[in-house]
2 protein chains.
Amino acid sequence: MMHLAAFMFTPGSHSAGWRHPEAVPECDMDFRQYAHIAQVAESGKLDAVFFQDTVAVNGSASLDGAGPYRPRQGRTAYLEPTTLLSALAIVTQRIGLIATATTTYNEPYNLARRFASIDHISNGRAGWNLVTSQIEDEAGNFGADHHMAHAERYERAEEFFDVMAALWDSFGDGALIRDKDSGIYVDTAKVHLQNHRGKHFAVRGPLNIARCPQGRPIVTQAGSSGPGMELAARTADLVFTAQSDLGEAQAFYADLKARAAKHGRNPDHVKIMPGLMTIIGATEEEAQARYRELQGLLADENSMRLLARLCGDLDIFAYPPDAPLPPLPLSNAAQARQRHLVEKAKRENLSIIQVARYLATSLGHHLLVGTPATIADTMEQWVKAGACDGFTLLSPYYPAPLERFVAQVVPELQRRGLFRTEYAGTTLRDHLGLPVPPNRYEM
Amino acid sequence: MMHLAAFMFTPGSHSAGWRHPEAVPECDMDFRQYAHIAQVAESGKLDAVFFQDTVAVNGSASLDGAGPYRPRQGRTAYLEPTTLLSALAIVTQRIGLIATATTTYNEPYNLARRFASIDHISNGRAGWNLVTSQIEDEAGNFGADHHMAHAERYERAEEFFDVMAALWDSFGDGALIRDKDSGIYVDTAKVHLQNHRGKHFAVRGPLNIARCPQGRPIVTQAGSSGPGMELAARTADLVFTAQSDLGEAQAFYADLKARAAKHGRNPDHVKIMPGLMTIIGATEEEAQARYRELQGLLADENSMRLLARLCGDLDIFAYPPDAPLPPLPLSNAAQARQRHLVEKAKRENLSIIQVARYLATSLGHHLLVGTPATIADTMEQWVKAGACDGFTLLSPYYPAPLERFVAQVVPELQRRGLFRTEYAGTTLRDHLGLPVPPNRYEM
Ligand SMILES: Cc1cc2nc3c(=O)[nH]c(=O)nc-3n(C[C@H](O)[C@H](O)[C@H](O)COP(=O)(O)O)c2cc1C
Ligand SMILES: Cc1cc2nc3c(=O)[nH]c(=O)nc-3n(C[C@H](O)[C@H](O)[C@H](O)COP(=O)(O)O)c2cc1C
């Protein structure tokens, strides 16, 4: 059985997908559209919807004061994911609800409360995608010119997770006794101070919220550099990664599961779900025609700007677009993503503009163009070959491609016995087959 | 016409109200109860529900490491208000949704996004209650032993508001053109960098969310010291304050409206809504019996602990409970609240234990015990005498007292033509009679 999440990146993960006649780009600011998309995903029995997030408008830093201001076309404005999740909890019943939040520009006490609150409001369907931030534009909104260094961000993230996890154990189950006769509200033996004092945080606790229905929300991790994999191996329930080559994906999968075991964890309790964009047609020709139609909407100038953001200090515009991708200086933003591109370019002999278009098509994630059957073939192959536990589904735009996936690919997977036909449980933990962690203070 | 908001302080604003046989103290962690309460308030055509907030469990600091840990009885654990508001937006249609968030332990970019997102999800019903924090237990959750000093907190709050307000103007109306033909998503002339560089914050902007349905969310202010009143006069749409004496309330009202005028604002655009707890009976005797029943549930020990928290460094337990309230050293937490108590004690000749019980009954807010008619009399008198523009209604527990207010006092106010019988508009701004502010970058 595989796991499936719908990646939410409005108005679409294909940088020109929003221009498609079917596309509803207004979904980025319209709650009813988000509700519709989540309900479509739920009707397909998907494990979760999974919201990307950035605490800046892409491209704002490079143009600081140098107007005219040119935000990246497409993804610019959208609803804030934690407030969005709790609203979606009301218009859905079963599907998991995962939002991204960065450890670099948040405080653990505040974030622990919000995700716990969403877990209560959704009756156990919340997930936190822990990221350490990617685009450096964010720094400018929090008093800095650049992110703190990659290594320090991960050091902070490790401690941030530990504080969050401890705060989520503040209250034992049944701590709130609310006994009217005695006048005793709380069983104080079941309320736990954390008294955390670390390098990045000092947090006394307790968190002012009862323990979550899931024990604690699901934690997802989306960094794939060395430190990113270590953090995931130690802490993550679910890993989102960019993998487009079967062999590389198998190596990543084996590596991460082995690291999890070294941390004393059951490797089955870390689900690895690489990104996957599908372009579906009733026939191969129809699928290819759909793909060509989408590619016809791309503007090379925009695609090059996307690539430029991953090149660190190197000025990619100084190279001819048809030249091979030059070696890239190590980025302070997303190192694994950068490595993934470089390796793909080498493997497939791609020129600069081809890499840029690939990035603009699927954010650098695996792309499958085909019929429901051929798409299901590859998905089946990847899962059976130990390359992943499922997929995070990118939509080039909303909502039609996701509707098509749910109507055509999901039944195909179900027929093959590869995907659930009904939710077995009620929580996201249930869907993922993960146990409720014990409270550390009550073991 | 007066304005009414329902103050949300689960499991009740009376510190032993939750012990009442009618009380449902489980409301503190149960979304369905919050939904019910908000729907009751909406059925009474109230302007808003108004959520208190604290980023700590009360009393955690004083017992740090000195176990056994004793949280304040009653209010201990509850849903986080911003995630709660967006969920409530889905189960209500018209009522305003206000949540408290402190400027002392948040970042303006993150908070601006969340309130803007709630404003979009609710179609223009969001409000932010700006506080600078009260109980010092909070400091321990954010790396400090104490709050920064009162004056510095307000300095930070002034700048915090300015940054939020500027961020909310990041996008002009119609900036998101999403033109499929040209491929232009954003009218970049309508997207505004802030480039704020102040003493407490450096924030480039723009905020990654479209301008709010209300232009910007309503801003409420709840501090009543000198700096608190100045901040309110300059920035607030609505002011929450503790006033239990008509003369004092009139003076506060006149003072604040004059300060608003000095800031070049229309004084009508600052609504002053002091707290009010009502205990309602069909007859005076029934109301008094209800009051006595509630008071019989109080434990003096708990009440004294509430008072102790407002005494700064003075050890109130060292004094005999029947002694008059001694002079209190100026608190770093809530100065206006402290002054309000001292003045009330002097005016009414209250002993220490009497002050403590008063605080435990209504959090120090105005208390009216009577029939719907006598309660409406006083409310009418206060509004007509220029003491306030309406009231923030405290419930000793939930949900029965609010249900009773809506069923019995609201119709009485409506009969007198003092309160709306139907919502005239759809946004919180509409309910309060406040104009949509122009975008500062587009005037
Ligand atoms: C598939 C994927 C999705 C990501 N999504 C986000 C995101 O939504 N927001 C964000 O700030 N960073 C995101 N990141 C960035 C990483 O989580 C991480 O913070 C950053 O890439 C640096 O880590 P790395 O060098 O380990 O990849 C994502 C990375 C990957 C690989
Ligand atoms: C009626 C009222 C309600 C308040 N509600 C809160 C609250 O929910 N959370 C909080 O941290 N502070 C709250 N405060 C505290 C103030 O907003 C302010 O941050 C603090 O009291 C110091 O300001 P002051 O000395 O001007 O009163 C409240 C104060 C008053 C008077």
Side-chain angles (χ1 to χ4, degrees), chain A residues 16 18-19 25-26 29 31 54-57 60-61 64-65 68-71 73-74 76-80 82-84 86-87 89-91 105-107 109-110 113-114 117-118 120-121 140-143 171 176 178 180 183 185-186 188 191 193 195 201-206 208-210 299, chain B residues 16 18-19 25-26 29 31 54-57 60-61 64-65 68-71 73-74 76-80 82-84 86-87 89-91 105-107 109-110 113-114 117-118 120-121 140-143 171 176 178 180 183 185-186 188 191 193 195 201-206 208-210 299:
Chain A
W18 65 271
R19 298 178 65 187
E26 296 75 14
M29 286 302 312
F31 176 73
T54 303
V55 285
V57 173
S60 40
D64 191 4
Y69 173 63
R70 304 176 67 192
Q73 293 302 315
T76 309
Y78 40 94
L79 297 177
E80 187 280 330
T82 62
T83 46
L84 184 50
S86 55
I90 310 305
V91 298
Y105 302 110
N106 276 293
E107 283 285 334
Y109 196 91
N110 289 336
R113 284 185 78 197
R114 299 222 299 286
S117 190
I118 296 164
H120 282 280
I121 292 171
N141 294 324
F142 299 89
F171 281 70
L176 293 165
R178 307 181 183 98
K180 290 184 178 183
Y185 204 81
V186 194
T188 54
V191 183
L193 288 179
N195 279 323
F201 304 104
V203 181
R204 182 194 299 117
N208 53 357
I209 190 162
Chain B
W18 64 273
R19 299 179 64 187
E26 294 75 15
M29 285 302 313
F31 176 72
T54 303
V55 284
V57 173
S60 39
D64 192 1
Y69 173 63
R70 303 175 69 191
Q73 294 301 318
T76 308
Y78 39 95
L79 297 177
E80 187 279 331
T82 61
T83 46
L84 185 50
S86 55
I90 311 304
V91 298
Y105 302 110
N106 278 292
E107 283 286 333
Y109 196 91
N110 290 337
R113 283 185 79 198
R114 300 221 300 287
S117 190
I118 296 165
H120 282 280
I121 292 171
N141 294 325
F142 298 89
F171 281 70
L176 293 165
R178 307 182 184 95
K180 290 184 179 183
Y185 205 81
V186 195
T188 53
V191 183
L193 288 179
N195 279 322
F201 306 103
V203 180
R204 180 194 301 116
N208 54 356
I209 190 162

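Chain naming here is simple, since letters A, B, ... match the order of the sequence lines and numbering starts at 1 in each.
- Within the 4.5 Å cutoff, the side chain of A:Arg113 has heavy atoms near those of the B:Val55 side chain.
- Chain A forms more heavy-atom pairs under 4.5 Å with one residue of B:Ala89, B:Gly143, B:Gly183, B:Ala299 than with any other, namely B:Gly183.
- Comparing B:Phe171, B:Phe142, B:Phe201 by heavy-atom pairs within less than 4.5 Å of chain A, the highest count is held by B:Phe142.
- Although no hydrogens or angles enter the test, the distance criterion places a donor-acceptor pair under 3.5 Å between the side chain of B:Tyr185 and the main chain of A:Pro25.
- Looking at every heavy atom in both residues, B:Ala87 comes nearest to A:Ser86 through CB-O, 3.6 Å.
- Using a 4.5 Å cut-off between heavy atoms, A:Ala210 touches chain B through backbone and side chain atoms alike.
- Rounded to the nearest 0.5 Å, atoms CG (B:Leu176) and CD (A:Glu26) are 9.5 Å apart.
- Annotation: the span from A:Leu84 atom CG to B:Ile118 atom CD1 amounts to 11.0 Å, rounded to 0.5 Å.
- Rounding to the nearest 0.5 Å places CD1 of A:Ile121 at 4.5 Å from OG1 of B:Thr83.
- Residues B:Ile90 and A:Val91 meet the side-chain proximity criterion, which asks for heavy atoms closer than 4.5 Å.
- Here the side chain of B:Asn141 pairs a donor or acceptor atom with the backbone of A:Gly205 at under 3.5 angstrom.
- Contact of the B:Glu107 side chain with the A:Tyr105 side chain is not registered, since no non-hydrogen atoms from C-beta on lie closer than 4.5 Å.
- Among A:Val191, A:Asn208, A:Leu193, the single residue meeting the side-chain contact (heavy atoms from CB on, under 4.5 Å) criterion with B:Val57 is A:Asn208.
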